[in-house]
Each structure stands twice: as C-alpha cells, then as structure tokens.
There are 2 protein chains.
Amino acid sequence: MGAMRRARHPDPDEISLIDVLGALNDPIRVGLVRVLADGRERGWGELRVPVAKSTLSHHLRVLRDAGITRTRQEGTRCFVELRGGDLDARFPGLLGAVLDAAHRDDVGGHVGVVDGLPEARADRKPGAPQIES
Amino acid sequence: MGAMRRARHPDPDEISLIDVLGALNDPIRVGLVRVLADGRERGWGELRVPVAKSTLSHHLRVLRDAGITRTRQEGTRCFVELRGGDLDARFPGLLGAVLDAAHRDDVGGHVGVVDGLPEARADRKPGAPQIES
DNA sequence: TTCGACGTTTCACGAACATCGAACAAGGAG
DNA sequence: CTCCTTGTTCGATGTTCGTGAAACGTCGAA
C-alpha cells in the first residue's frame with residue numbers, strides 16, 4: 001500500500017483537546033464518528049461518504065492523527081475503529097456530548113455504511129464471495 | 001462606536017454544533033470561555049489576551065456569532081457573558097466537557113482577567129474612580 | 001506475470017482563517 | 001468645543017484547510 005508512512009496513533013496522554021475539536025469541526029468527520037459510535041470496526045470500503053477516495057483518506061487521517069480513531073491494516077484492506085475508551089478516559093463526556101448533539105441536528109447524516117450485510121466485518125475470510133449489493 | 005453593525009446573537013435553536021466546535025477550535029477562544037465560565041459578566045477591558053485589539057474583537061465576534069457568548073453595550077464599553085444556559089439546553093454536557101478538558105490541559109491558560117479588583121464589573125457607575133493598577 | 005481492487009501520497013487550487021496596523025465611529029471628560 | 005478612550009471595520013499577509021485528479025505502492029487472483 002502507500003505504506004501509510006506518516007501514520008501514527010498518538011498515545012492516550014498525547015491526545016490534544018484542540019486537535020480533537022479541530023478534527024470534529026467538519027460534518028463529514030462527525031458523520032464518520034457517528035457511524036463508528038456503535039463500537040464496531042469498519043473496513044472503509046463499507047463507508048459511504050460523498051467525497052473522493054483521496055479526500056476520505058485525508059479525513060480518516062485527520063481523525064487518526066487527532067487520536068479519535070484507530071486504524072488497522074489487514075492485507076490490502078484497512079479498518080477503522082473509534083477510540084472511545086481512550087477518548088473518554090482523557091476527556092470524560094466530550095465524545096458523548098458531541099455525539100448527542102450531532103444526533104439531534106443530524107450533523108453528518110449523509111455519511112453511512114453499505115446497506116444490507118448486517119455482519120460485514122473482518123471476521124469472514126473465505127466462504128461465500130459476498131455479493132456487493 | 002463602530003456601531004457593532006453586523007452583531008447578532010443567534011436564537012438558542014439556531015446554535016449550530018459545527019459552528020460551536022469551530023469557535024472552540026482555537027486556544028485563545030477556549031481561554032476566553034474559561035475566563036467566562038464562572039458566569040460573571042466581564043467588560044473586555046478586563047480581559048488579558050496576548051493579541052491585538054482588533055484580533056480580540058474578531059475572536060469575541062466569532063464566539064458571539066456561534067452563540068457561545070452574549071454581548072451587551074453600555075455607553076462606549078462592551079461586556080461579555082457566557083450563554084451557559086442556552087448552550088447547555090441545546091447541547092447538554094458539551095460545554096462542561098470542553099471546560100473540564102481545557103482545564104486539565106491548561107488550554108488557553110494565557111488568557112486571563114486583570115489582577116486585583118475582585119469586583120470589577122458593571123455595577124459601579126460613579127464613586128471611586130477606580131485606579132487602574 | 002499481468003490485471004484489478006484498494007488505499008496513500010503528491011500536487012494544485014480556492015476558500016476560510018488568524019493576525020496586525022491603520023482608519024474610523026461614538027461616548028465621556030476636560 | 002477638543003482630546004481620550006473604547007471598540008469596530010478594512011485591507012493586507014501568511015497560514016491552514018477541504019477538495020479532487022493523477023500517480024504510485026501493495027496485495028490477491030487469474
């Protein structure tokens with residue numbers, strides 16, 4: 001892959017408030033966080049976002065650099081996950097308050113995951129070839 | 001005064017989450033909110049901020065436009081106040097979480113109020129001329 | 001090996017932003 | 001009236017940000 005060269009996850013203590021607020025200052029990224037709020041890990045082929053591939057990559061990097069998400073690589077595919085625990089340990093209540101607010105106003109509502117496929121995650125390797133919608 | 005022409009306070013319902021997060025995405029503005037967090041109204045001659053006059057005016061406008069603060073004019077002087085109630089009614093817990101987090105990391109710690117003068121507020125018109133330190 | 005799917009990086013561009021100094025407006029004090 | 005104080009507005013400047021297209025790297029399958 002592009003090697004994900006500059007990819008680094010900040011330690012829990014290194015997470016900066018301003019960086020978090022800055023990362024959350026965008027409807028698309030708030031939408032991504034909302035999608036991930038159920039704690040499930042998502043491959044970002046699953047993510048439905050109305051932007052170009054490269055822009056999505058950029059947004060996911062901002063979230064990762066801010067310490068909001070964790071990224072894992074498996075072969076050629078990548079997976080995101082919310083760092084809910086780390087975030088709540090460092091800034092108690094912040095993430096929850098933002099998620100509540102975002103839900104009220106439907107901020108980032110245009111972001112979603114692929115429909116159908118109730119269990120489309122990393123836990124299936126072979127087997128049924130999984131028809132894409 | 002400059003008449004404060006474009007000054008408008010959004011209604012409580014009009015307060016936008018993205019605008020609030022955007023307004024809070026700056027150490028100086030976070031510092032201003034921290035100073036106002038005690039609920040006291042402050043004249044912005046009291047505010048000690050390491051920026052130029054016009055820049056402070058700008059930051060206070062951003063906070064006001066986002067619905068975070070309320071501004072009042074008395075003669076040639078202006079006063080700010082946190083809209084804690086409105087904010088908490090609309091986005092419960094958000095402001096508190098941000099303030100807690102900002103306090104932990106001392107974000108915006110370089111913002112303060114004039115020292116001494118424990119009761120420097122709008123409730124004194126005449127009387128003692130109030131020596132400026 | 002060749003091909004295709006997937007994600008990253010680079011580059012460029014326009015918009016938004018933070019900052020300052022200068023010019024301006026409105027009151028208050030003399 | 002003339003200053004002085006206070007705050008706004010207006011460029012100007014440099015920075016950051018969101019965006020997409022194109023090129024690239026990597027992996028798995030044919």
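Numbered from 1 within each chain, the chains take letters A, B, ... in sequence-line order. Values reported hereafter were calculated over all heavy atoms of this structure, with side chains retained and with hydrogens, waters and symmetry mates removed.
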Residues forming a salt bridge (charged side-chain N to carboxylate O under 4.0 Å, His left out) with Asp106(A), sequence neighbours excluded:
Arg34(A)

Across all chains, not counting sequence neighbours, the salt bridge (charged side-chain N to carboxylate O under 4.0 Å, His left out) partners of Asp38(A) are Arg42(A)

What's touching nucleotides 18-23 of chain D from the protein side, N or O pairs under 3.5 Å?
from	atom 1	to	atom 2	distance (Å)
dG18(D)	OP1	Arg29(A)	NH1	3.2
dG18(D)	OP1	Arg29(A)	NH2	2.4
dG18(D)	OP2	Arg29(A)	NH1	3.4
dG18(D)	OP2	His58(A)	NE2	3.3
dT19(D)	OP2	His59(A)	NE2	2.4
dG20(D)	OP2	Ala52(A)	N	2.8
dG20(D)	OP2	Thr55(A)	OG1	2.9
dG20(D)	N7	Ser54(A)	OG	3.2
dG20(D)	N7	Thr55(A)	OG1	3.4
dA21(D)	N6	Ser54(A)	OG	3.2

Rounding to an integer number of Å, can you tell me how far Arg61(A) CZ sits from dC6(C) P?
22 Å

I'd like to check the side-chain hydrogen bond (donor to acceptor under 3.5 Å, both in side chains) partners of His59(B); sequence neighbours left out, ordered by chain and number.
Arg29(B)

Can you name the residues that form a side-chain hydrogen bond (donor to acceptor under 3.5 Å, both in side chains) with Glu81(B), not counting sequence neighbours?
none

In whole Å, what is the span from the CD1 atom of Ile18(A) to the P atom of dT16(D)?
15 Å

To the nearest Å, give me how far apart CZ (Arg77(B)) and P (dC4(D)) are.
17 Å

Could you go through the side-chain contact (heavy atoms from CB on, under 4.5 Å) check for Trp44(B) and Val113(B) one step at a time?
CA-CA 9 Å; Trp44(B) 53 94; Val113(B) 294; over 6 Å; no

CZ of Phe79(A) versus P of dC27(D): gap in Å, rounded?
15 Å

Excluding sequence neighbours, so at least two apart, what forms side-chain hydrogen bond (donor to acceptor under 3.5 Å, both in side chains) with Asp86(B)?
Arg83(B)

Atom CD of Glu46(B) and atom P of dT6(D) are separated, to the nearest Å, by 12 Å

Atom-pair distance (CG on Leu60(A); P on dG7(C)), nearest Å:
10 Å

Under 4.0 Å: is that the gap between some side-chain N or O of Ser57(B) and OP1 or OP2 of dT8(D)?
yes

Take the protein atom CZ of Arg42(A) and the nucleotide atom P of dC6(C), then report the distance between them rounded to whole Å.
17 Å

Taken to the nearest whole Å, CD/Glu74(A) to C1'/dC6(C) is 14 Å

Respond yes when some side-chain nitrogen or oxygen of Trp44(A) is under 4.0 Å from OP1 or OP2 of dA5(C), and no when none is.
no

